[in-house]
Every structure is written in structure tokens, then in C-alpha cells.
Amino acid sequence: MLRRILFGAVAIGLVACAAYAAFYVAPEERTMGAIQRIFYFHAATAWAGETTFFVCFVANLLYIWKRKPHYDWLGVTCAEVGAACITVVLITGPIWAKPVWGIWWTWDARLTSTFVLWILYICYLLLRTLVDEPERRALLSALFGVFAFIDVPIVFGAIRWWRTQHPAPVIMGGPGSGLDPLMKKVFFFNVLAMHVFAAFLIVQRYFLEKAKHDVALLQREAEVR
Amino acid sequence: MALLSNAAVLVGKEVRTEFRSRELLSTTIVFVLIVVVVFSFTFDPTTNESRRFGPGLLWMAFLFAASLMLQPCFLREQVNDTLSALRLAVRDPFAIFLAKIAANTLFLLLTELLMLPVFAALFNASFGAQLPGILLTFLLGSLGISVVGTALAAISAQARMRELLLPLLLLPLLTPILVVSTEVTIRLMQSEPYLEWKGIGLMAAFDAVFLTVLWLFGEYFLEE
């Protein structure tokens with residue numbers, strides 16, 4: 001318990017420091033001004049969400065292979081935390097886009113594929129509520145999770161070839177792109193903070209899922225007696 | 001080899017079951033017709049407009065129809081628990097999927113081909129010379145819809161609210177097929193039509209990827 005409280009304190013502290021760095025340490029962007037500072041939070045959360053979904057995909061594969069309930073708990077945990085992260089991304093994105101692009105939303109490759117990604121994992125969570133038997137629920141949702149994760153890059157490719165407006169990749173985007181060195185430091189600190197925070201949420205949610213499982217077991221035992 | 005011969009026998013069974021009643025095909029065709037007519041009220045269906053919106057509308061109708069049509073392909077097996085018999089009869093459960101995918105693709109293609117002239121007449125579209133391109137697009141599109149749809153029908157058949165669940169799971173997964181097939185069809189129906197090979201390639205890739213995934217994981221979808 002103490003370890004989890006400590007972990008939580010570190011995660012929240014890191015997020016607070018990252019927010020401070022994004023607001024006060026990072027230099028002001030020349031054309032966009034203060035609104036650009038949301039980028040540190042927006043993109044870092046997106047990265048954390050994508051990592052979380054990747055962990056979910058791995059957990060799904062491991063469940064199909066090994067059939068250990070732990071992997072199912074990890075799968076649902078990551079799907080929920082990932083969906084929460086992407087919800088934040090989908091809210092902070094339009095807040096930035098309105099003053100910069102003049103519109104809240106555009107149907108470009110990255111926005112659309114993020115939106116579809118979000119919908120797919122909402123469906124994953126919905127599917128889980130509609131199957132009663134725990135083992136069947138775990139297996140069916142794991143299979144759907146594999147399909148969903150594989151689909152997202154194809155969605156991205158399909159839309160990218162026909163329509164696109166999101167700013168070209170700033171990080172690892174090829175020659176001519178790039179961040180100011182201080183901005184880069186602040187950004188990667190934000191990425192670290194959001195990953196640690198996501199990991200904290202995953203740990204909390206995982207133990208909650210485990211507790212749920214234990215309660216269900218106890219209930220079943222009590223009914224038998 | 002055994003896989004293919006098993007699948008061929010099962011395709012025969014699927015087609016025979018359907019053509020005894022023809023209920024699935026007739027309902028689907030009427031449904032597509034209704035969707036096309038209802039959609040035509042939402043914009044002015046003159047030639048220019050229909051060239052721009054028509055293909056998207058057509059594919060939307062096919063997608064909605066498929067999400068309803070694919071529903072019974074596993075539910076039908078539950079009535080007399082014939083799925084267990086099928087599983088015992090074939091060595092590789094992927095043969096069951098392969099047969100159902102082939103049959104569903106065939107039914108979808110039939111619906112699409114029957115609806116194409118109706119659509120052309122209603123929306124004043126012409127694509128006589130582009131027929132081979134259209135057929136290729138329809139084939140790859142229907143195959144993609146069937147591969148993903150059959151797998152998800154196996155999932156939704158084991159859940160509650162299955163009628164609502166299948167479209168919910170299927171439609172977002174089919175985004176790439178909808179985007180690409182619509183764009184390819186638009187290019188085939190414009191005043192200077194051409195076949196966009198990039199789109200055909202992407203649809204073929206989508207089909208291949210999900211067919212491979214299903215081949216790898218197919219047996220788990222049908223576990224008791």
C-alpha cells in the first residue's frame with residue numbers, strides 16, 4: 001500500500017513539474033504564442049495513450065496464448081486508461097485548433113485515426129459489458145482488441161492518402177522540422193511525466209480489477225455454502 | 001489442401017441453405033434499395049451532385065446491409081447447435097470461416113451487382129466502360145467486409161444485444177474499406193474516369209492482413 005501511495009505521489013509530482021515547465025520554462029513559440037503550450041500536454045498524453053494501447057494489444061495476445069486472467073485484467077485496465085488519455089487528447093486538440101486553424105475539427109488522417117482509435121476502444125469496453133461469462137468475455141474482447149489495434153494504422157494510411165491537415169511531424173519528421181532544444185527538453189519531460197502517470201493509473205486500476213475478481217470468487221463460494 | 005476441400009464442401013452447404021429460402025438475399029436487396037432511396041432525400045440527386053455523393057452513399061448502403069446480413073451466419077448455427085457438428089467435421093476450424101467468408105462475399109457481390117443498374121438509373125450515373133474496374137472494387141470491398149464481418153459475427157453471436165453489437169463493432173473497423181472504396185468508385189464515375197490502383201492495392205492489403213489474422217486466430221473465435 002505504502003509503495004502505491006509513494007508511486008502516486010511521484011507521478012502527481014512529476015505531472016505538476018511538467019506543467020510548470022510547459023508554462024514557465026519553455027520559450028514562447030513565435031507565431032502561435034501562448035496557445036502552443038498546450039502542445040506539451042496534448043502530444044505527451046497522446047504518446048502515453050498510444051503506449052498504453054500497445055500494452056493492451058500485447059496483453060490481449062498474451063491472454064489468447066496463455067489464458068491467465070492477469071492478462072485480461074491488464075488488457076481492460078490499459079483499454080480504460082488509454083481511452084481516458086485519448087479523450088484528453090481529443091479535448092485539448094480542438095482547444096488548440098480553434099485559435100490556430102480557426103476551426104475546432106478537421107477530418108485529417110491523424111485526427112480521424114485517433115478518433116476511430118478512441119471509438120474502437122470504447123467498443124472494446126462496451127463489448128465487455130455484454131458478455132457475462134468471465135472467460136468468454138476475456139477471450140472475445142482480447143480477439144476484438146487484436147483486430148482493433150491492427151486496424152488503426154490502416155485507417156491512418158487510408159485517410160492520409162486522400163485528405164490531410166494536421167501539422168507535419170515536428171519530432172522525427174525529417175529535415176527542416178524540429179524543436180528548439182529547450183522546448184524539446186520540456187516536451188520529453190512531459191512525455192516522461194505522462195507515461196509515469198499513466199503507469200500509476202494502470203497499477204491502481206489493475207488492483208481494482210483484481211479485487212473485483214476476488215470478490216466475485218468469494219461470492220460464488222458463499223453461494224455454494 | 002484438406003482445408004480447401006473442406007471449405008469448398010461448406011461453401012456448398014452455405015449457398016444451398018441460402019438458396020432454399022433466399023430470405024437473406026431478398027431482405028438485404030430491399031434494405032439497400034430503401035437506404036439508397038431514403039438517402040436521396042437528403043441532397044439534390046442531380047448528375048453533378050450524385051457523382052460526388054453517389055459512391056459514398058452506395059458504399060454506406062452496402063456497409064449497413066452487410067452489418068445486418070452477416071448477423072445470421074453464426075446465429076443460424078446456434079439453433080440446433082450445428083456449429084459443434086461443424087467443428088467436429090473439419091480438422092481446421094479456419095475452413096468454417098473460409099466457407100462463411102466465401103459465401104458472404106458471394107451474397108454481398110450479388111446484392112451489389114443487382115443494385116448497380118438500379119443505382120445508375122436512379123442517380124443518372126454511367127459507368128459502362130468502367131465495369132471491370134467496378135467489379136474489381138466491389139470484389140475487394142465485399143471481401144474485406146466479409147472477412148472482418150464474419151469474424152465479428154462470431155464474436156457478437158456469443159454476446160447479449162447481438163443485433164446492436166455487430167454494427168457497433170464492425171462499422172468503425174471497416175473505416176479503411178469505406179474510405180478507399182468510395183474514393184476509388186468516385187474516380188470511376190467522374191467525367192474522365194480512371195482506375196486508382198493505389199486504392200485497389202490498399203483494399204487488397206486490408207483483405208490480406210485481416211485474412212491472415214483470422215487464419216492465425218480463427219480457432220479461438222469458435223471455442224466452446
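Scanning residues 155-177 of chain B against chain A with a 4.5 Å heavy-atom cutoff picks out B:I155, B:Q158, B:A159, B:R160, B:M161, B:L165, B:L168, B:L169, B:P172, B:L173, B:T175, B:P176, ordered by number.
A:L140 touches chain B through backbone and side chain together, each having a heavy atom under 4.5 Å away. Only the side chain of A:L61 has a heavy atom closer than 4.5 Å to any heavy atom of chain B. Residue contact with chain B, scored on non-hydrogen atoms closer than 4.5 Å, involves the backbone and the side chain of A:V155 alike. Interface residue A:R67: only side-chain heavy atoms are found under 4.5 Å from chain B. Contacts between A:I64 and chain B at a heavy-atom distance below 4.5 Å involve backbone atoms as well as side-chain atoms. Of the atoms belonging to A:T129, it is backbone heavy atoms, and not side-chain ones, that fall under 4.5 Å from chain B. Residue contact with chain A, scored on non-hydrogen atoms closer than 4.5 Å, is absent for B:A205. Using a 4.5 Å cut-off between heavy atoms, A:L126 touches chain B through its side chain atoms alone. A:V152 does not touch chain B: none of its heavy atoms, backbone or side chain, sits under 4.5 Å away.
Taking A:L120, A:I119, A:V116 one by one and counting their heavy-atom pairs under 4.5 Å with chain B, the maximum is reached by A:L120.
Nearest heavy-atom pair, A:I154 versus B:F206, reported as atom, atom and distance to 0.1 Å: CG2-CD1, 3.9 Å.
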Donor-acceptor pairs under 3.5 angstrom involving side-chain atoms of residues 199-207 of chain A: please list them, not counting sequence neighbours.
{"from": "A:R205", "atom 1": "NE", "to": "A:E80", "atom 2": "OE1", "distance (Å)": "2.5"}
{"from": "A:R205", "atom 1": "NH1", "to": "A:E209", "atom 2": "OE1", "distance (Å)": "2.9"}
{"from": "A:R205", "atom 1": "NH2", "to": "A:E80", "atom 2": "OE1", "distance (Å)": "3.4"}
{"from": "A:R205", "atom 1": "NH2", "to": "A:E80", "atom 2": "OE2", "distance (Å)": "3.0"}
{"from": "A:R205", "atom 1": "NH2", "to": "A:E209", "atom 2": "OE1", "distance (Å)": "3.1"}

In sequence, state the C-alpha distance, the side-chain angles, and the governing distance for A:L139 and B:F221, and then conclude on side chain to side chain contact (heavy atoms under 4.5 Å, CB included). CA-CA 8 Å; A:L139 179 62; B:F221 282 86; over 6 Å; no
